[in-house]
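Inspection log for the structure reproduced underneath, given as structure tokens.
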Amino acid sequence: MASKPSIPKGTRDFSPAEVSKRQYIIQTIKANFEKFGFQPIETPSFENSDTLMGKYGEEGDRLIFKILNSGNFFYNKSKIELPESIEELQLNSAEKISLEQRIELNKFTGKISEKALRYDLTVPFARYVVQHQSEIEFPFKRYQIQPVWRADNPQKGRFREFFQCDADVVGSKSLWQEVELVQLYDTVFTSLGLEGVTIKINNRKILSGIAEVIGASDKLIDFTVALDKLDKIGEDGVKKEMIEKGIAEEALVKVQPLFSFSGTFADKISQLSELLSSSEEGMKGVEELKFICDNVADLGLSTATLDLDVTLARGLNYYTGAIFEVGAPKTVSMGSIGGGGRYDDLTGIFGLKNMSGVGISFGLDRIYLVLEELQLFPETVAATSKAIFLNFGDKEALYASKAIQKLRQENIKVELYPDNVKVGKQFQYADKRLIPFAVIVGDQEIASNSYALKNLVTGEQVTVDFDGLKKALLA
């Protein structure tokens, strides 16, 4: 007996209705990307492993899906004891392995895998910029809407395969780009009817300054990775992880104000200035934040709120300036629905130095869940036809097809039931498809060049000519 078909954990099938709603979100985001002057590109679904590895920090590298090379491979597991599978190691971030084990694992992985599925769209974009630099006019504003893959533990709003919708600008250090990206977030979420989102902002220079002030500059990555988990593991959990990473307990006393920052944006800027007064790097971050926020305040936002979150760290190694994260309205329990930041030298890892960039991403799948929970999808977003022409035979089907052809030229979604079967079965099909109208044509309608139009919601039926039919279906 054949096994029941299934799909891999962390992936999904989408019904016609779900695809229509996803396309509505994508088209809304895309239209606003283009309104702000961004141009589309696409990159391959998989990259060479050395393009991706080492760009996301140790935790990110564990979540990269590697593609096996063709051929058979033998690994002498007895040479050094490792977890049962590479995936088991990747998915268990708490797994502790020795440096010797790590080296052995990397050697083995390098022999059997030279390619990997893309983890995000930003690093492939950096590779694209370097590879095509002679064809690009800088500053280059690009957007990209494609799937990415992560070997993560699936849960609500977190999948192993999901779409990212990115907008980036490279070739400009101007902070006006950050101001525009805040406006872009606000414009997109307002267009989707999702009011009340919070755009959180911080700056990696501020985090570097804090690490410097508390005497933990050499532990910056450990410090930011732990701090970024504040919402998940709480203050005590963050402090425990920092101590485990070798950050002194006396340093945590100095960092205590981070966990209780409050007040207006100006209040928080003032508190940061006091905390970071001895750090040149930290004060530079404060000035950058102040510029962005002052100008956003002058320009105004439609429905979003901009908030300074000094614990926002985003554990990605390549951010060097502003960091963004978008939170859903407080009425919804959901993780971030967008994020991004400034990276001053991401292309440098591929040989193109001093190419500053900044970008943001929209989390399509989480945005979908939020819109669904808040019932914000317009009723017009549907995968179904506006009307179905019933089939009473070849003569009637031909008459109906001529009308269908003209209606489709008017961008009206209509279809013909393909088989001449009992009318009850055809009506039942229309009901299950949630098609609102049925068009009935028989000898009488053909003779009078008319159509019987039945509203399947109210049951009302009227006879109309073609113009009347078109007008009714356009309404």
Side-chain angles (χ1 to χ4, degrees), residues 26-57 60 64 114-149 162-185 187-188 203-205 288 291-292 295 314 316-324 338-364:
I26 289 172
Q27 291 305 322
T28 301
I29 294 172
K30 179 180 175 183
N32 283 294
F33 279 169
E34 294 181 356
K35 190 188 298 182
F36 276 68
F38 292 88
Q39 300 172 285
I41 69 163
E42 291 188 357
T43 59
S45 59
F46 57 92
E47 298 271 351
N48 293 324
S49 293
D50 56 7
T51 297
L52 304 180
M53 298 300 291
K55 312 304 189 301
Y56 308 102
I64 292 175
E114 297 169 339
K115 296 177 286 293
L117 294 177
R118 59 171 172 247
Y119 176 90
D120 72 352
L121 299 179
T122 305
V123 171
F125 171 54
R127 190 267 309 152
Y128 175 94
V129 169
V130 174
Q131 191 171 335
H132 299 277
Q133 57 186 289
S134 62
E135 308 158 24
I136 294 172
E137 194 66 39
F138 295 101
F140 179 43
K141 301 178 74 171
R142 88 82 166 87
Y143 77 82
Q144 193 171 353
I145 302 175
Q146 289 186 275
V148 299
W149 295 266
F162 57 96
F163 266 75
Q164 285 188 337
C165 310
D166 284 14
D168 290 76
V169 186
V170 290
S172 171
K173 294 183 179 180
S174 171
L175 293 175
W176 283 106
Q177 304 291 359
E178 278 85 340
V179 173
E180 271 219 325
L181 291 175
V182 172
Q183 290 180 300
L184 178 55
Y185 265 139
T187 302
V188 168
N203 193 298
R204 281 297 278 245
K205 294 182 180 72
E288 289 181 4
F291 178 91
I292 295 166
N295 284 288
R314 294 188 68 83
L316 299 178
N317 286 356
Y318 48 69
Y319 289 136
T320 56
I323 315 165
F324 299 106
R342 164 73 64 173
Y343 41 90
D344 277 339
D345 198 27
L346 184 62
T347 57
I349 56 180
F350 299 117
L352 182 60
K353 299 291 185 182
N354 302 316
M355 183 63 71
S356 185
V358 61
I360 58 174
S361 181
F362 291 81
L364 170 65

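All of these numbers come straight from a predicted model, not from anything done at the bench.
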Legend entry - Side chain Asn48, main chain Asp50, donor-acceptor under 3.5 Å: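 No: the side chain of Asn48 does not pair with the backbone of Asp50.
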Legend entry - Donor-acceptor under 3.5 Å (Tyr343 side chain, Gly359 main chain):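 It does not hold such a pair.
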Inset, instruction - Under the side chain to side chain contact (heavy atoms under 4.5 Å, CB included) rule, what do Trp149 and Ser45 come out as? Steps first, then yes or no, please. - result: CA-CA 9 Å; Trp149 295 266; Ser45 59; 3.7 Å; yes
Legend entry - Heavy atoms of other groups near Gln27 CD, more than 12 under 6.0 Å: yes
Legend entry - Other residues, nucleotides, ligands: >12 heavy atoms within 6.0 Å of Phe46 CZ: no
Minimum heavy-atom distance [X]-[Y], with the two atoms named:
X: Ser172; Y: Gln177; result: OG-NE2, 3.6 Å
X: Gly348; Y: Lys353; result: O-NZ, 3.8 Å
X: Thr347; Y: Ala126; result: CG2-O, 4.0 Å
X: Val188; Y: Ile29; result: CG1-CG1, 3.7 Å
X: Asp344; Y: Arg342; result: OD1-CD, 3.5 Å
X: Asn354; Y: Asp345; result: N-OD1, 3.2 Å

Legend entry - Under 3.5 Å side-chain donor-acceptor pair for Thr187 and Asn32: no
Inset, instruction - With Glu47 as reference, evaluate Arg118, Lys115, Arg127 under the side chain to side chain donor-acceptor pair (under 3.5 Å) test and give the passing residue. - result: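 Single pass found, and it is Arg127.
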[atom1]-[atom2] distance between [X] and [Y], expressed to the nearest 0.5 angstrom:
X: Ile349; Y: Leu352; atom1: CD1; atom2: CG; result: 11.0 Å
X: Ser361; Y: Phe163; atom1: OG; atom2: CZ; result: 12.5 Å
X: Lys173; Y: Glu288; atom1: NZ; atom2: CD; result: 11.0 Å
X: Phe324; Y: Leu181; atom1: CZ; atom2: CG; result: 6.0 Å
X: Lys30; Y: Cys165; atom1: NZ; atom2: SG; result: 11.5 Å
X: Leu52; Y: Asp120; atom1: CG; atom2: CG; result: 8.0 Å

Legend entry - Sub-4.5 Å side-chain heavy-atom contact between Ile360 and Asp166: no
Inset, instruction - Assess whether side chain to side chain contact (heavy atoms under 4.5 Å, CB included) is satisfied between Val123 and Phe350, documenting all intermediate values. - result: CA-CA 10 Å; Val123 171; Phe350 299 117; 4.0 Å; yes
Tell me which donor-acceptor pairs under 3.5 Å the side chains of residues 136-143 have, and how far apart each pair is, sequence neighbours excluded?
| unit_1 | atom_1 | unit_2 | atom_2 | d |
| --- | --- | --- | --- | --- |
| Lys141 | NZ | Phe36 | O | 2.6 |
| Lys141 | NZ | Glu180 | OE1 | 3.4 |
| Arg142 | NE | Gln144 | OE1 | 3.1 |
| Arg142 | NH1 | Asp168 | OD1 | 2.6 |
| Arg142 | NH2 | Leu121 | O | 3.2 |
| Arg142 | NH2 | Gln144 | OE1 | 3.1 |
| Tyr143 | OH | Glu34 | OE2 | 2.6 |

Inset, instruction - Let me know which of Val169, Asn295, Ile292 forms a side chain to side chain contact (heavy atoms under 4.5 Å, CB included) with Trp176. - result: Asn295
Inset, instruction - Applying side chain to side chain contact (heavy atoms under 4.5 Å, CB included), run through Tyr119 and Lys55 and close with a yes or a no. - result: CA-CA 10 Å; Tyr119 176 90; Lys55 312 304 189 301; over 6 Å; no
Inset, instruction - Mind running side chain to side chain contact (heavy atoms under 4.5 Å, CB included) on Ile64 and Tyr56 for me, showing each step along the way? - result: CA-CA 9 Å; Ile64 292 175; Tyr56 308 102; 3.9 Å; yes
